[in-house]
There are 2 protein chains.
Amino acid sequence: MAGVSVATVSRALRGLDRVSPETRERVLRVAEDLHYVASPTATSLASGRTRVVAVVAPFLTRWFFAMLVSAIEKSLRAHGHHVILFDLEDDSYDQRLMLSQNMLWKRVDGVITLNVPMVAEEVELVDRLGLPLVAIGSPVPGRACVRIDDAVAMRTAVEHLAGLGHTRIGYIGAVPENVAHIQTPQDRLRAFLDTVRDLGLTCEDSWILGSDWTAQAAALDSTELLSREDRPTAIVAASDEMAIGVLASARRLGLRVPEDLSVTGIDDFVLSGVLGLTTVRQDVAGLGHAAAELLLRALLEDDESTDELVLPTELVVRESTGPAPTG
Amino acid sequence: MAGVSVATVSRALRGLDRVSPETRERVLRVAEDLHYVASPTATSLASGRTRVVAVVAPFLTRWFFAMLVSAIEKSLRAHGHHVILFDLEDDSYDQRLMLSQNMLWKRVDGVITLNVPMVAEEVELVDRLGLPLVAIGSPVPGRACVRIDDAVAMRTAVEHLAGLGHTRIGYIGAVPENVAHIQTPQDRLRAFLDTVRDLGLTCEDSWILGSDWTAQAAALDSTELLSREDRPTAIVAASDEMAIGVLASARRLGLRVPEDLSVTGIDDFVLSGVLGLTTVRQDVAGLGHAAAELLLRALLEDDESTDELVLPTELVVRESTGPAPTG
DNA sequence: CTGAAAGCGCTTACAG
DNA sequence: CTGAAAGCGCTTACAG
């Protein structure tokens, strides 16, 4: 319709040089009139690039993951890329779906993993397919990773409580069976134990609770511990959602927060502010954006990084923590 | 490698008939050995179907949308389809991204919209591209829709409070400017006003609050109203997240719930149980699964429905509501 | 600056 | 039951 060959149309539409201004303008005008948009499926086959990125998450329904996905989608969209989503949550509680070749092969140009510790077969698969990858949270050997320092974050929380005079500090969020494929629980528990020890405090085994990292379970699991006379004076939760569960069970038991019990979390969850929860904030959207930027650099500039990028965390003191009760 | 033509390989791998059992087995074995997976990009170009579905949301970071996306992804995956995600949230608060041809054309086989009221241009676009579409929440003219009955849900909440003797009932969640492109706020507010009128109650204008549908804003916006002597004895929030904000501001003001103030929401948000919030539950995952099933039927069996599917809601009474204070 | 032609890797009638 | 060949709609050297 523009009176030129398909090759010229292709060049004009993609803004390549070596097309005369008049030709380009004519092609653009005709394309507009015809609502012409190049078929991405044909473009992909011919060019070998799909402009699609796989975002892989252990589950989507928790705030942290939804925030990441949203941030990543926006960053990639701004550079003409799309997100195909893989929710690895399986029906069976104790395992997750594995990354497979037909999820990735000729379907995506790159991968972003959200806190998923990849097994050897998966790492090898992504290597074999030659796909750039950026990990958020759990590192993947030999690949770029964006994360916070979980040890520092946990230490910040514990030291805040110790600074308020607490010496009997409990913990909720020990590694549960059903999320054993997630790295974070392990890192945070270890950091908690290390910090407590470094501060010269003791922590009884019975002060360390499991819960499946939900508020509901945290409320349930903490009830027995908080009912005791010799309960801890403070609880560190490994996530804000669990901390909220502890707040709820404390309220049900008639404990005043923070007079009788201090509670802190990690995240700065969307509801933490309104609920007055002291926490260690991480910039979740920032993690997502940083990961997307790293991947885009690998995709667009063929510059694949293998660095670790560690974003800072920040103590946010609200009403849920206060001086340890005296006596 | 299997000693047959590519046509036969194609037929064998896709499980078509008219392939001898021996040939099929040989092809499958060789494919396995070679880690062969057909290129989806070439398959799409040749067959005209991408096996990808666009899931379009006004934003992703709220629980309701993340739940939907997760449910949809799992349903579609079980039938060999993938999800490409479009987060329509824009940097500017007062508008959203529009659906455009290059998001959809030759990229997806169908569309699921999550509570996005489509403008005429968008409806026309999807029509022109010949894509099957299933709407969740906001209906799209001439297309299948899966939703709850917002009017019934809201009526259930209000009648529950009226049944407890409340006559002074406030509302939070009036239509805010920045989410004017979402249908739900309008429907719920209208149903609230209708029900209050039907019950013969009066509701002062000053009892109807805005908030931008977040807990934070709800806490802020409700503080002034709840500080008054002549405050309502109950507040209906149009969502659980806002109800949680109201609970927080009541607690800060020293109001006892439910003795001084009853609060209810709609959703049964993940934290509502642990926080003791009375609410009207909707089956969010059920909405997602139903929508995915409808779309898959259109895709796989060429049977596009235009029905409305209305899922039931259910009153869940917890500790946040009780008899109206006497005197 | 522009075009003809090969090629990306499949699927799908059409023959046999 | 199997194969040869056309076609899906682009991109990309290669000529000119």
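Atom set for the values below is all heavy atoms of this structure, side chains included, hydrogens, waters and symmetry mates excluded. So that the names make sense, note that chain A is the first sequence line, chain B the second, and so on, each numbered from 1.
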In terms of side-chain heavy atoms of B:Ala46, which of C:dT11, D:dT11, D:dG9 is nearest?
C:dT11

Does A:Val6 or A:Pro21 map to a spot on DNA chain C nearer the 5' end, using the closest nucleotide for each?
A:Pro21

Just to confirm, is there a sub-4.0 Å distance from OP1 or OP2 of D:dT11 to any side-chain nitrogen or oxygen of A:Ser47?
no

Kindly say if A:Ser39 contacts the phosphate of D:dG9, meaning a side-chain N or O under 4.0 Å from OP1 or OP2.
no

Taking for each residue the nucleotide of DNA chain D with the nearest heavy atom, is it B:Arg26 or B:Leu45 whose nucleotide lies nearer the 5' end?
B:Arg26

Ignoring backbone atoms, establish whether B:Ser10 has a side-chain N or O less than 4.0 Å from OP1 or OP2 of C:dC10.
no

Take B:Asp127 and B:Arg143, measure what salt bridge (charged side-chain N to carboxylate O under 4.0 Å, His left out) needs, and give me the verdict at the end.
CA-CA 10 Å; B:Asp127 286 348; B:Arg143 304 299 195 134; 2.8 Å; yes

Check whether any side-chain N or O of A:Arg49 sits under 4.0 Å from OP1 or OP2 of D:dT12, and answer yes or no.
no

B:Ile84 side chain near B:Val53 side chain, heavy-atom distance below 4.5 Å
no

Rounded to the Å, how far apart are A:Glu22 CD and C:dC1 C1'?
10 Å

Using whole Å, what does the distance between atom P of nucleotide C:dT11 and atom CG of B:Leu16 come to?
9 Å

Does B:Arg18 place a side-chain N or O at less than 4.0 Å from the phosphate oxygens OP1/OP2 of D:dT2?
no

Hey, is the side chain of B:Thr8 poking within less than 4.0 Å of OP1 or OP2 on D:dG3, counting only N and O atoms?
yes

Close side-chain approach of B:Arg77 and A:Phe86, heavy atoms under 4.5 Å:
no

Working note: B:Glu32 + B:Arg26, criterion salt bridge (charged side-chain N to carboxylate O under 4.0 Å, His left out); need CA distance, chi angles, decisive distance, verdict.
CA-CA 10 Å; B:Glu32 168 116 36; B:Arg26 188 151 29 91; over 6 Å; no

So, do B:Asp87 and B:Leu60 sit near enough that their side-chain heavy atoms are less than 4.5 Å apart?
yes

Does a nitrogen or oxygen in the side chain of A:Thr23 sit under 4.0 Å from OP1 or OP2 of C:dC1?
no

Atom CD of B:Glu25 to atom P of D:dT2: distance rounded to whole Å?
13 Å

Can you check whether B:Arg11 has a side-chain N or O nearer than 4.0 Å to OP1 or OP2 of D:dT2?
no

Who passes side-chain hydrogen bond (donor to acceptor under 3.5 Å, both in side chains) against B:Glu124, sequence neighbours left out?
none

What integer distance in Å separates B:Lys106:NZ from D:dC10:C1'?
12 Å

Passes side chain to side chain donor-acceptor pair (under 3.5 Å), B:Thr184 versus B:Asp150? Steps please.
CA-CA 7 Å; B:Thr184 315; B:Asp150 280 302; 4.7 Å; no

For C:dG9, does either OP1 or OP2 sit under 4.0 Å from a side-chain N or O belonging to B:Tyr36?
no

Could you tell me how far apart B:Arg14 (CZ) and C:dC10 (C1') are, to the nearest whole angstrom?
9 Å

Could you spell out the base pairing of DNA chain D in dot-bracket, with Watson-Crick or G-U pairs whose two distances are under 3.5 Å, [ ] crossing and | to another strand?
|||.||||||||.|||

What nucleic acid atoms does A:Ala7 come within less than 4.0 Å of, heavy atoms only: base, sugar-phosphate, or nothing?
base

Hey, are the side chains of B:Arg297 and B:Glu304 touching, using non-hydrogen atoms and a 4.5 Å cut-off?
no

Looking only at side-chain atoms of B:Ser5, point me to the closest of C:dT2, C:dC8, D:dA4.
D:dA4

